[in-house]
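Here is the structure we will look at, set down as structure tokens.
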2 protein chains.
Amino acid sequence: MHDLPDPPGGARMRDVARAAGVSAMTVSRALREPSRVSPEVRARVEAAVREVGYVPNRLAGSLSSRRSDVVGLVVPSLENSLFAATVKGISDVLRREGFQLMIADSLYSPEAEEAAIRAFLEQRVAGLILHDTLHTEATVRMIRRAGVPVVENGTVPAEPLDMVVSYSNREAAKAMTRHLARLGYRRVALVTLPSAANARSRDRRDGFLEALAELGRPQDPRLMLEMPSGLVSGAEALARLMEGAEPPDAIFFAGDVLAAGAVLECQRRGWAVPGKVAIAAFDNVDLLAQLNPPVTTLRLPRHEIGTRSARMLLDRLAGRQSGPAVLDLGFEIIQRAST
Amino acid sequence: MHDLPDPPGGARMRDVARAAGVSAMTVSRALREPSRVSPEVRARVEAAVREVGYVPNRLAGSLSSRRSDVVGLVVPSLENSLFAATVKGISDVLRREGFQLMIADSLYSPEAEEAAIRAFLEQRVAGLILHDTLHTEATVRMIRRAGVPVVENGTVPAEPLDMVVSYSNREAAKAMTRHLARLGYRRVALVTLPSAANARSRDRRDGFLEALAELGRPQDPRLMLEMPSGLVSGAEALARLMEGAEPPDAIFFAGDVLAAGAVLECQRRGWAVPGKVAIAAFDNVDLLAQLNPPVTTLRLPRHEIGTRSARMLLDRLAGRQSGPAVLDLGFEIIQRAST
DNA sequence: ATGGCCGTGGTTAGCGTTACCACGAACCGG
DNA sequence: CCGGTTCGTGGTAACGCTAACCACGGCCAT
């Protein structure tokens with residue numbers, strides 16, 4: 001909280017009004033509903049605005065009108081480029097509609113998310129977009145009480161808070177697992193991010209297991225691994241899985257850039273991919289297409305999740321849409337040379 | 001701009017006051033300066049806050065106090081992970097100090113930046129952090145008039161608006177060019193991002209040329225190329241440079257992931273790096289360390305730029321620091337196997 | 001002509017908070 | 001034991017804007 005040096009240049013609406021020879025109310029109208037003001041007055045007001053360098057005070061405006069044009073967004077991490085695509089999609093839509101974006105990271109912690117959401121509600125955001133679907137009880141209560149519309153993004157949750165725009169992590173993992181089986185791989189391993197604080201990881205693991213069950217294959221704990229995020233981590237996962245007694249013939253890296261790290265490690269070890277082991281990834285980062293070999297992966301509508309989330313939120317705010325809604329945007333398998 | 005559904009759950013300060021049996025003013029104090037209120041009253045107020053589910057309205061608070069706890073940040077792109085590190089640094093500091101982050105992308109356009117800044121000033125942000133140093137005249141006027149503190153980040157500008165936290169793109173490019181010369185490379189090529197709307201690219205080119213001049217080497221236009229961002233683009237740059245009559249023996253990719261794209265292309269073509277051609281990059285993205293061979297690059301203090309920028313801004317807001325200041329955080333060469 | 005109605009602009013009363021000042025009660029040294 | 005601090009609290013007036021009325025003049029239809 002700190003000083004707002006308005007004083008010297010801070011022209012207020014009444015200064016504009018004086019300069020234009022009208023009342024403050026007319027200035028307000030000329031700015032927000034130009035059609036309700038005569039053309040001459042409108043021109044005088046516009047000239048006066050430029051003359052005095054007026055910058056409207058939305059704090060005052062929002063307080064008075066009880067509306068806000070700020071949307072709060074919480075992502076698990078600001079550094080992960082996967083979320084960046086979604087953020088970009090959100091921002092694109094908000095900009096066009098004249099909304100502002102307030103952003104915070106939850107660090108994958110529901111408590112940190114709660115703090116961020118509380119701060120957003122204090123700023124009286126018009127709506128929230130949350131990239132995690134796991135919330136504390138206090139968070140849910142707070143949001144309900146505030147009556148603010150919410151879009152959740154990370155996966156398709158069992159009990160949506162309000163609106164949802166996502167793809168299904170479970171279905172995506174299941175589809176890729178089946179795909180690998182169809183290609184003839186018999187021992188498919190799964191590497192996920194730590195599932196403890198990450199519902200998406202759990203969903204992917206569930207999808208993987210479901211596919212195995214459908215295929216009538218046994219679960220083999222030696223073929224499942226949790227690894228932290230990062231290229232190095234992917235290389236290590238590869239090493240660990242391959243040095244076992246019955247190594248996998250295919251590895252599905254269900255997260256982040258793990259798969260890329262593994263492919264690069266295969267290069268170093270001189271292992272043929274998919275000759276020695278096939279590798280599949282979860283997210284279509286462009287690096288995967290450029291690796292040697294290019295990596296089979298899923299195309300997830302990251303950017304569209306952003307645009308549709310923002311649009312859905314704004315529709316609700318504009319009263320164009322009413323109830324909760326769940327939008328599953330699906331996914332697509334991109335078969336490349338690595339499998 | 002849309003409806004703020006305060007009504008049902010929207011407890012105001014006076015509701016808390018009533019529940020606690022004190023005046024609204026006392027509630028305000030209990031919340032902001034607990035030490036100035038007796039322990040019993042403080043406890044009653046805290047209980048009342050929980051009881052009625054009170055969420056302070058910072059719009060009203062800021063309007064009244066003429067302070068704000070929101071910082072506006074403009075980055076060129078929300079998708080580029082290079083900026084993500086800086087954003088993260090900023091966010092980390094702001095969170096700890098109880099500030100909020102409003103973010104927008106300029107798309108590398110000064111006009112879009114102007115629009116974003118105007119919107120931020122309308123929201124009465126306490127300060128601005130700008131990742132570009134190229135601004136329209138109107139932008140400069142607006143910021144000056146608003147009297148809001150600003151930190152610029154992208155490079156060390158000729159005429160700082162206010163405060164600056166950065167490394168010098170020119171010095172960094174110069175250092176890497178000298179480094180390559182020292183390693184014995186005779187024909188060093190430079191690939192930059194399009195310099196038209198990107199002051200950083202120009203700075204890097206200037207640094208490169210300065211180094212050549214110091215080394216007494218001629219400029220060779222066939223050894224300079226501008227390419228858009230991306231891995232594919234790096235591969236193409238490599239191809240173009242190498243198919244010339246007198247190809248370079250080293251290429252300095254001064255931006256983004258171009259270098260990575262080039263190394264991957266070399267793998268595909270079976271070209272030894274650095275046997276056939278040496279490759280150096282500009283930014284220390286972790287991919288570069290994992291490629292085969294690992295790529296020589298610069299370590300730039302991206303995260304620290306964020307933390308220091310935020311801290312400098314908050315120091316100014318707290319009156320702990322006064323004048324403009326330029327902080328050059330330097331860089332470091334990481335020599336790896338690719339050169 | 002005259003009543004009503006639109007199109008325009010002004011007036012008033014907040015929005016929910018904080019700054020500022022006032023006030024009474026304890027407290028304290030001379 | 002009394003004038004002056006200090007401490008804790010409350011009242012009031014903004015902060016800059018907008019919602020909701022209200023006023024006024026001109027215009028048409030009857």
Side-chain angles (χ1 to χ4, degrees), chain A residues 1-7 9-18 20-45 48-49 52-69 121-124 126 146, chain B residues 1-7 9-45 48-49 52-70 121-124 126 146:
Chain A
M1 279 297 235
H2 249 282
D3 283 12
L4 221 56
D6 243 349
R12 291 142 308 166
M13 201 173 251
R14 55 160 149 308
D15 302 319
V16 177
R18 197 177 315 119
V22 296
S23 76
M25 196 57 237
T26 301
V27 174
S28 175
R29 267 192 293 253
L31 261 30
R32 290 175 306 121
E33 318 169 86
S35 68
R36 297 199 31 169
V37 148
S38 70
E40 313 91 78
V41 170
R42 196 187 313 158
R44 285 218 313 276
V45 169
V49 163
V52 306
Y54 174 64
V55 177
N57 185 333
R58 294 231 182 273
L59 260 42
S62 288
L63 180 61
S64 178
S65 66
R66 299 150 145 282
R67 306 151 186 280
S68 150
D69 59 355
L121 293 179
E122 292 187 354
Q123 303 288 344
R124 294 299 189 266
Chain B
M1 280 297 234
H2 249 282
D3 285 11
L4 222 56
D6 241 351
R12 291 142 307 166
M13 200 174 253
R14 55 163 147 304
D15 301 322
V16 178
R18 198 176 316 122
V22 296
S23 75
M25 198 54 239
T26 301
V27 174
S28 175
R29 265 191 297 254
L31 262 28
R32 289 177 306 123
E33 318 168 87
S35 69
R36 297 196 31 176
V37 147
S38 71
E40 315 91 74
V41 169
R42 198 186 312 159
R44 286 219 311 277
V45 169
V49 163
V52 306
Y54 175 62
V55 177
N57 185 334
R58 294 231 182 275
L59 259 41
S62 288
L63 178 62
S64 179
S65 66
R66 297 154 144 280
R67 304 149 189 280
S68 150
D69 58 354
V70 178
L121 294 179
E122 293 187 355
Q123 304 287 347
R124 293 300 188 265

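Chain naming here is simple, since letters A, B, ... match the order of the sequence lines and numbering starts at 1 in each.
- Residues forming a side-chain hydrogen bond (donor to acceptor under 3.5 Å, both in side chains) with B:S28 (at least two apart in sequence, or on another chain): B:R32.
- Regarding contacts with the backbone of D:dT18, a side-chain N or O of A:S28 is found under 4.0 angstrom from either OP1 or OP2.
- Taking all atoms of both residues into account, the shortest heavy-atom contact from A:V45 to A:L31 is CG1-CD1, 4.1 Å.
- Side-chain N or O atoms of B:S65 include one that pairs as donor or acceptor with a backbone N or O of B:G61 at under 3.5 Å.
- The heavy-atom pair separating B:A20 from B:R44 by the smallest distance is O-NE, 2.9 Å.
- Taking only side-chain nitrogens and oxygens, B:R42 never comes nearer than 4.0 Å to OP1 or OP2 of D:dT9.
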Under 3.5 Å, which donor-acceptor pairs do the side chains of residues 36-43 of chain A form with other protein atoms, sequence neighbours left out?
residue : atom : partner : partner atom : Å
A:R42   : NE   : A:P34   : O            : 3.1
A:R42   : NH2  : A:P34   : O            : 3.3
A:R42   : NH2  : A:V37   : O            : 3.2

What pairs of nitrogen or oxygen atoms, one from the protein and one from nucleotides 21-25 of chain C, lie under 3.5 Å apart?
none

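- The side-chain heavy atoms of B:Q123 and B:V70, taken from C-beta on, include no pair separated by under 4.5 Å.
- Atoms CG (A:L63) and P (D:dT18) sit 11 Å apart, rounded to a whole Å.
- Going from atom CG of A:N57 over to atom OG of B:S62 covers 9.5 Å, rounded to the nearest 0.5 Å.
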Pick out the pairs of N or O atoms, protein on one side and nucleotides 12-14 of chain D on the other, that lie under 3.5 Å.
none

For a quick test of your reading: what N or O donor-acceptor pairs under 3.5 Å do the side chains of residues 11-19 of chain B make, sequence neighbours left out?
residue : atom : partner : partner atom : Å
B:R12   : NE   : B:D15   : OD2          : 3.2
B:R12   : NH2  : B:D15   : OD1          : 3.1
B:R12   : NH2  : B:D15   : OD2          : 3.2
B:D15   : OD2  : B:R12   : N            : 2.7

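- Between B:S38 and D:dT9 there is a side-chain polar atom (N or O) within less than 4.0 angstrom of OP1 or OP2.
- At the phosphate of C:dG10, OP1 or OP2 sits under 4.0 Å from a side-chain N or O atom of A:T26.
- Following rounding to the nearest Å, B:N57 (CG) and D:dG16 (P) show an atom-to-atom distance of 17 Å.
- Bending across the helix from C:dA1-D:dT30 to C:dG30-D:dC1, expressed as the angle between its end axes from five pairs apiece, amounts to 30° (10° rounding).
- As a whole-Å value, the separation of A:R18 CZ from C:dG10 P is 14 Å.
- The nearest whole Å value for the distance from the CZ atom in B:R32 to the C1' atom in C:dG16 is 12 Å.
- Look at CD on A:E122: it is 15 Å from P on C:dG16, rounded to the nearest Å.
- Nearest heavy atom pair, residue B:L59 against residue A:R124, reads CD2-CB, 3.9 Å.
- Residue B:R14 places at least one side-chain N or O closer than 4.0 Å to OP1 or OP2 of C:dC15.
- Residue B:S23 places at least one side-chain N or O under 4.0 Å from the OP1 or OP2 atom of D:dG10.
- Residue A:R66 has a polar side-chain atom (N or O) positioned under 4.0 Å from OP1 or OP2 of C:dG16.
- The shortest distance between the side-chain N/O atoms of B:R12 and the OP1/OP2 oxygens of C:dC15 is not below 4.0 Å.
- If A:V55 and B:V22 are placed on DNA chain D by their nearest nucleotide, the residue sitting closer to the 5' end is B:V22.
- Rounded to an integer number of Å, the gap from A:Q123 CD to C:dG16 P is 16 Å.
- Atom CZ in A:R124 sits roughly 14 Å away from atom P in C:dC15 (whole-Å rounding).
- Going from atom CG of B:L31 over to atom P of C:dT17 covers 9 Å, rounded to whole Å.
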